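The structure under discussion appears below in the form of C-alpha cells.
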Amino acid sequence: MRISTAQRRARLGVRHRLARKAASVEEAAWAVVALHATDPATVFLSAGARLTAPGPEPVERALYEERTLTRMTGMRRTMFVVPADLVPVVQHSSTRAIAVRERRSLVKVLSENGRDEAWLDDVAGSVLRSLAEVGEATASELGGLEPRLREQFRVAVGKPYEGTQSVGGRLLNVMAMEGRLVRRGRPAGTWISGLHRWGVSPPPAELAAHEARAELVRRWLAAFGPGTEADLKWWTGWSLGQVREALAATGAVEVELADGTGLVLADDLGEVPDPEPWAALLPALDPTPMGWQARDWYLPRAHRAELFDRTGNVGPTVWWNGEVVGGWAQRPDGELAWRPLTDVGADARAAIEAEVAGLAAWLGGITVTPRFRTPLERELSS
C-alpha cells in the first residue's frame, strides 16, 4: 500500500484535531499523546489551538482541580503534560530509567562535595514528611521546611561550564521522576508561570517496562502514524532495540510512503478523507511539529533555520492544510504578528487572520515569549 504525502497531511489534520476541534482538553491531549510542557505556556497554547472553546480556564481546571492531566518528566527527559491514565505508561516506559540515571549523577556529584546517598535519602524522607503535613509547597517553601535543600554544591569543577547548584534544585526533580512527588498546585502568578507547587504523588500503577513501551508506541502510531523507526527512536529517546521490540509487540505493519517505508497499526490501513481546509497557529515546542524526526513532508527544509533554534527546538509556526507555511510571534504590547514563508493565497490568508484574531481574543492581555527563541520569532516580536 502506498500512502502519499497528501494522505499524510490529511492524517495530520484529522489526528491532531486541527481541522476538527476537540471538545475537551483531555481529548486534545490524547490526540497528540502528550503536550510538551518545558515552557508552561506551550501547554495552554497547544490545547487552545485544538479546542472548540480555547482559553486558560479549561486547562487550569484539568490540571489543578479535576487533575485529569499530570505534569511530569517523560520521553527524552522532556517535561510533558499527559492524561492521568497515561502516567503509568510514561513512567514505566521512559521516566523510571531516566530517574535511575539522574539519581546516579546526583549521588556522584554530592559525593564529591562530602555527602553520600544515605544523606540524600534522609533529606528526601524529610521532604515527604513535610509535604504530608502541609499538603503542597513551592520549592522555596520546602527549603524553609527542610533547610538542607538550600545547600549549594559545585558541579563540573575545573571545566569552562563549572557552576553551582542547590540540593533542592536537583533532588525534587529526581523524586518526581521516581514517582514520589508531583507538580500539582496552581503556580504563583499567571498561567504562563513555571513556579509550580509540589505534592506527594500516589504510587503509579505497576506495569512491566516492555508492556509500557509497547503501549506508548501504540499511542504514538495512532496519533502520528505512519512513521518510521527513526521517528520513534528520536521521539522516545529509547534504544533502537527497544523501539523495534515495542513495534513488534503492537503488530505494526510496514507501508510504502512517498518518501520511504513507514509503519502503521494493522487496523489503520484505510484511506483517510481530506479534511476541510484549515489553518492553525501552533506555539513553540508544540507536539505536532515535534512529533517526527523527518519533517520534509510538512516543513520545507529551506525554512528550518528561521523556525528552529540551534538545538532543534521549534518556534511558533503557522499551518495551512497540513503544512508549515509561516511563523508568528507576539510583540511586547501584545499584538500578534505573522509572516508567510511561501505564497499561501487569499483563502489561506483569510483563515490564518481569523486564527490570529481568535488567539488574540483569548490571550486576554497576556504576553507570551517562548523560552527557546528562534530567528523568525525574534524578528517578528521586535
Side-chain angles (χ1 to χ4, degrees), residues 1 3 7-8 11-12 14-17 26-38 46 50 69-70 72-101 177 179 204-257 259-270 272 285-295 297-298 312:
M1 175 186 178
I3 296 181
Q7 287 170 307
R8 294 182 75 175
R11 287 172 183 256
L12 186 69
V14 174
R15 293 286 172 74
H16 296 259
R17 306 303 194 266
E26 295 80 6
E27 181 186 349
W30 276 116
V32 289
V33 185
L35 299 169
H36 277 252
T38 303
S46 291
R50 295 166 170 84
L69 297 177
T70 299
M72 66 183 298
T73 300
M75 296 66 70
R76 301 190 322 280
R77 202 162 63 86
T78 296
M79 189 65 61
F80 289 96
V81 162
V82 307
D85 292 346
L86 196 62
V87 169
V89 171
V90 174
Q91 178 70 26
H92 296 295
S93 70
S94 306
T95 313
R96 176 169 286 183
I98 296 169
V100 171
R101 295 194 296 270
M177 293 176 199
E206 286 300 320
L207 188 62
H210 69 278
E211 294 177 350
R213 287 193 293 268
E215 178 61 15
L216 190 64
V217 166
R218 188 186 71 79
R219 303 268 187 180
W220 184 90
L221 286 172
F224 293 95
T228 66
E229 286 183 349
D231 289 332
L232 264 169
K233 184 177 184 298
W234 176 83
W235 187 83
T236 59
W238 304 339
S239 70
L240 184 57
Q242 289 173 325
V243 168
R244 287 175 173 170
E245 179 188 45
L247 281 167
T250 66
V253 297
E254 291 187 348
V255 293
E256 185 183 357
L257 304 176
D259 51 359
T261 300
L263 295 147
V264 295
L265 295 173
D267 60 357
D268 194 20
L269 293 171
V272 178
L285 297 177
D286 186 85
T288 289
M290 297 295 287
W292 301 267
Q293 183 186 48
R295 300 177 172 125
W297 57 277
Y298 66 87

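If you're wondering where the values come from, they're calculated on a predicted model, not measured in any experiment.
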Would a 4.5 Å heavy-atom cut-off, applied to side chains only, mark V89 and R219 as touching? no
dist L221:CG -> D268:CG (nearest 0.5 Å) comes out at 8.5 Å
Do V217 and V243 have side-chain heavy atoms sitting under 4.5 Å apart? no
Heavy-atom distance under 4.5 Å between the side chains of M290 and T78, does that happen here? no
Are any side-chain N or O atoms of R76 and backbone N or O atoms of W235, one a donor and one an acceptor, separated by less than 3.5 Å? yes
Distance-minimising heavy-atom pair for Q293 and W234: CB-CB, 3.8 Å
Side-chain heavy atoms of L207 within contact of E215, under 4.5 Å: no
Derivation of the side-chain contact (heavy atoms from CB on, under 4.5 Å) call for T261 and E256: CA-CA 5 Å; T261 300; E256 185 183 357; 5.8 Å; no
Taking atom CG of L35 and atom CG of L285, what is their separation to the nearest 0.5 Å? 12.0 Å
Please list, chain by chain and in numerical order, all residues satisfying side-chain hydrogen bond (donor to acceptor under 3.5 Å, both in side chains) with T73, sequence neighbours excluded. none
If you look at every heavy atom in T288 and D286, which pair is closest and at what distance? N-OD2, 2.9 Å
When rounded to the nearest 0.5 angstrom, what is the spacing between CD in Q242 and NE2 in H210? 12.5 Å
Work out which heavy atom in T250 is nearest to a heavy atom in L265; give both atom names and the distance. CB-CD2, 4.3 Å
How long is the straight-line distance from CE of M79 back to OG1 of T38, given to the nearest 0.5 Å? 7.0 Å
Identify every side-chain donor-acceptor pair in residues 223-230 under 3.5 Å, counting partners at least two apart or on other chains, and give the distances.
residue: T228; atom: OG1; partner: A230; partner atom: N; Å: 3.4
residue: T228; atom: OG1; partner: D231; partner atom: N; Å: 3.0
residue: T228; atom: OG1; partner: D231; partner atom: OD2; Å: 3.1
residue: E229; atom: OE1; partner: R244; partner atom: NE; Å: 3.1
residue: E229; atom: OE1; partner: R244; partner atom: NH2; Å: 3.3
residue: E229; atom: OE2; partner: R244; partner atom: NE; Å: 3.2

Heavy atoms only: give me the nearest F80-A37 pair and the separation to one decimal. C-CB, 3.7 Å
On a heavy-atom basis, which atom in I98 and which in G74 lie closest, and how many Å separate them? CD1-O, 3.2 Å
Does any part of the side chain of E26, heavy atoms only, come nearer than 4.5 Å to the side chain of P83, both counted from C-beta? no
Interatomic spacing from CG in L86 to CE in M72 - rounded to 0.5 Å: 8.5 Å
For residues H92 and E206, determine if any side-chain heavy atom of one lies less than 4.5 Å from a side-chain heavy atom of the other. yes
What are the two closest heavy atoms between P204 and Q91, and how far apart are they? CG-CG, 3.9 Å
Has R77 got more than 12 heavy atoms of other residues, nucleotides or ligands less than 6.0 Å from its CZ? no
